[in-house]
Amino acid sequence: MSETTTQETTTQETTAQETTPSSTPKAGSVLSKKEKKKLQRKEKRQQDAIQRKKEEQADLNDPIVQADIEYQQKLQEEREQKEKDETEKQRVLWEQREAEIEANKQQKLIEEQEAAAAAEEKKRIEQEEREKRKAERARKEAERAANPPPPPQQQQIATAASATATAEGVDGAAGAVVIIDGERHFGTEKDSVNCSFFLKTGVCRYGDRCGKAHTYPSMANIIMFKNMYEGIGMSEVLDEDGDDELQYDEAEIQRHFRDFYMDVHEEFKSHGKIINFKVCRNHAPHLRGNVYIQYECVEDAIKAHTESNGRYYAGKQLICEFAPLVRWKPAICGLFDRQQCPRGKACNFMHTFRNPYGEYQNVDRDMLINATPGKKEGVRYDDRDRDRDRYDDRDRDRHYDDRDR
């Protein structure tokens with residue numbers, strides 16, 4: 001290889017020598033200064049080219065340069081291989097990510113299909129259960145229609161009346177229900193056995209001193225919590241004018257009641273469908289803070305009574321009773337809504353808070369509360385009966401006040 005390189009170099013030098021004389025001007029010719037400079041530059045370039053070729057040829061023959069060239073070529077190949085490997089790795093990772101995304105989509109689709117199927121199955125089971133309950137309820141209603149039982153409170157009150165009448169030497173069957181002029185007067189002032197105030201509101205201002213029967217029903221669709229609400233404006237001690245709400249405005253009182261309502265309403269609602277919710281704001285001790293919840297079904301009321309009686313709320317143990325109310329209208333003071341009640345908070349009829357968002361505002365007037373399970377119908381209650389009961393009850397209050405003095 002070295003011999004070939006030497007021959008090539010000799011050939012190049014011979015060519016350069018032959019080329020140089022040819023560019024030399026003929027003897028006897030006169031060159032200008034400009035042409036001389038141009039000729040010198042040309043000769044300089046030719047010599048530089050020959051020198052570069054010699055240096056390149058010497059570098060090619062130098063083993064160190066050859067090793068460096070090979071090393072650089074090796075580095076270049078390694079870089080190209082590394083880039084190729086990195087590109088292949090990125091391609092594999094991208095394919096894996098695409099496969100994972102597709103697998104996740106398929107898994108999510110399968111889960112959605114399974115969830116939809118489970119929801120459909122749950123809906124079907126719930127529908128079957130509803131149909132079973134509906135059929136069972138229809139069967140029970142048919143049985144009750146065929147053999148209707150008396151309301152539970154009337155059963156117990158009739159038992160108490162029978163015992164009272166027997167003690168007085170009167171036949172129990174005749175004393176259980178008071179009949180005057182061929183009409184029934186159960187729960188009115190003409191009823192000599194049952195306390196009308198107790199049947200209207202579930203409580204009586206005279207308590208055990210009352211001379212008439214106070215008997216709670218064994219079950220009903222209304223439950224009552226005595227003195228449960230203790231918000232602002234509900235203190236037990238009244239001021240000189242008989243009203244301690246002068247230091248609170250109505251908006252503040254309603255805001256405090258709304259907080260209480262939102263706190264307990266959902267808890268009671270979890271037991272069943274509520275059709276009325278009332279809280280008394282009277283100052284009379286027997287009505288102060290009483291909470292009444294009316295459920296659509298007696299079974300729901302029994303469940304709420306079982307789970308709520310004896311529990312603690314706001315540091316006080318709750319006392320839950322089934323309320324013997326028959327109608328809402330005779331229990332609620334109609335004059336209070338018009339701000340015309342002459343007795344104020346000492347009134348023995350219910351002064352109730354307005355529920356937030358107007359809930360249950362249209363169900364507490366003129367409707368008969370059914371204690372018998374399954375019934376939801378209502379009947380009108382005459383205003384004249386309520387006015388008559390109001391004045392008769394006031395006469396009885398005066399009678400008890402005179403007796404106490």
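- The aromatic rings of Y261 and F257 sit tilted relative to each other, their planes meeting at an angle between 30° and 60°.
- The environment of CD1 in I64 is sparse: at most 12 heavy-atom neighbours from other residues, nucleotides or ligands sit within 6.0 Å.
- Side-chain contact of E102 with Q106: a donor-acceptor pair under 3.5 Å is present, judged by distance alone.
- In this structure, I302 and H305 have side chains that are not in contact, with every pair of non-hydrogen atoms separated by 4.5 Å or more.
- Going from atom NZ of K132 over to atom CD of E126 covers 13.0 Å, rounded to the nearest 0.5 Å.
- Note on E128 versus K123: no salt bridge recorded, every NZ/NE/NH1/NH2 to OD/OE distance being 4.0 Å or above.
- The cationic group of K74 does not satisfy the cation-pi geometry with Y71, failing either the under 6.0 Å distance to the six-membered ring centre or the 45° limit from the ring axis.
- A distance of 12.5 Å separates CD1 of I275 from CD1 of I293, quoted to the nearest 0.5 Å.
- Counting only heavy atoms from C-beta outward, the side chains of V203 and L287 approach each other to under 4.5 Å.
- With a 4.5 Å cut-off on side-chain heavy atoms, K37 and R41 count as touching.
- Nearest heavy atom pair, residue A301 against residue A220, reads CB-O, 3.1 Å.
- Distance check, rounded to the nearest 0.5 Å: CD1 of I101 to CD of Q96 gives 12.0 Å.
- A 6.0 Å sphere centred on CD1 of I319 holds no more than 12 heavy atoms belonging to other residues, nucleotides or ligands.
- Rounded to the nearest 0.5 Å, atoms CD (E77) and NZ (K84) are 12.0 Å apart.
- A distance of 4.0 Å separates CD in Q317 from OH in Y312, rounded to the nearest 0.5 Å.
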Under the side-chain hydrogen bond (donor to acceptor under 3.5 Å, both in side chains) criterion, do R130 and Q127 qualify, and how do the steps go? CA-CA 5 Å; R130 283 195 296 270; Q127 181 65 24; 2.7 Å; yes

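- In plain terms, the two heavy atoms of L335 and P342 that are nearest each other are CD1-CD, 3.9 Å.
- A salt bridge is defined here as a Lys NZ or Arg NE, NH1 or NH2 lying under 4.0 Å from an Asp or Glu carboxylate O, and K316 with E230 meets this definition.
- Going from atom CE of M350 over to atom CG of N290 covers 8.0 Å, rounded to the nearest 0.5 Å.
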Does the side chain to side chain contact (heavy atoms under 4.5 Å, CB included) test come out yes or no for I332 and K278, once each step is laid out? CA-CA 10 Å; I332 299 175; K278 290 296 176 185; 4.3 Å; yes

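- Screening H256, E250, E252, R258 for a side chain to side chain donor-acceptor pair (under 3.5 Å) involving Q254 leaves a single residue, E250.
- Taking the side chain as every heavy atom from C-beta outward, M228 and V279 never approach each other to under 4.5 Å.
- C320 has its side chain out of reach of L318: every pair of non-hydrogen atoms, C-beta onward, lies at least 4.5 Å apart.
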Quick one, C280 with R288, criterion side chain to side chain contact (heavy atoms under 4.5 Å, CB included). Give me CA distance, side-chain angles, the key distance, then yes/no. CA-CA 6 Å; C280 293; R288 183 190 306 118; over 6 Å; no

Going through the distances and angles, do F336 and T352 end up as a side chain to side chain contact (heavy atoms under 4.5 Å, CB included)? CA-CA 9 Å; F336 173 73; T352 59; 5.7 Å; no

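- Of all heavy-atom pairs between M224 and T201, the closest is SD-O, 3.9 Å.
- When all heavy atoms are compared, the tightest approach of N282 to F349 is ND2-O, 2.8 Å.
- In this structure, the side chains of I253 and F353 come closer than 4.5 Å at one or more pairs of heavy atoms.
- Using a 3.5 Å distance cut-off with no hydrogens or angles, the side chains of E80 and Q76 do pair a donor with an acceptor.
- In summary, the side chains of Q294 and Y360 do not present any donor paired with an acceptor at a separation below 3.5 Å, with no hydrogens or angles considered.
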Residues H286, C204; criterion side chain to side chain contact (heavy atoms under 4.5 Å, CB included); working and verdict: CA-CA 7 Å; H286 63 294; C204 176; 5.8 Å; no

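- Listed for the N227 side chain is no donor-acceptor partner under 3.5 Å among the backbone atoms of G289.
- Exactly one of F322, F277, F268 qualifies for a ring-ring contact (aromatic ring centres under 6.0 Å, His included) with F225. That residue is F268.
- Donor-acceptor pairing under 3.5 Å is recorded for the side chains of D263 and Y313.
- Contact check for Q81 versus E78: no side-chain heavy atoms found under the 4.5 Å cut-off.
- Between R91 and E88 there is a salt bridge, since at least one side-chain N of the basic residue sits less than 4.0 Å from a carboxylate O of the acidic one.
- For the pair H214/N194, no side-chain contact is recorded, criterion being any heavy-atom separation below 4.5 Å from C-beta on.
- Side-chain contact annotation: Q90 with E86, donor-acceptor N/O pair under 3.5 Å present.
- Shown here are the side-chain hydrogen bond (donor to acceptor under 3.5 Å, both in side chains) partners of E307, two or more places apart in sequence or in another chain: H271.
- Using bins of under 30°, 30° to 60° and over 60° for the plane-to-plane angle, the ring pair Y216/F198 lands in the perpendicular bin.
- Nearest heavy atom pair, residue C333 against residue C347, reads SG-SG, 4.1 Å.
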Going through the distances and angles, do E100 and N104 end up as a side-chain hydrogen bond (donor to acceptor under 3.5 Å, both in side chains)? CA-CA 6 Å; E100 290 177 358; N104 291 335; 5.8 Å; no

Worked check of salt bridge (Lys or Arg N to Asp or Glu O under 4.0 Å) between R311 and E267: CA-CA 12 Å; R311 292 180 60 181; E267 175 68 21; 3.2 Å; yes

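- Across all their heavy atoms, G344 and H351 have their closest contact at O-CE1, 2.8 Å.
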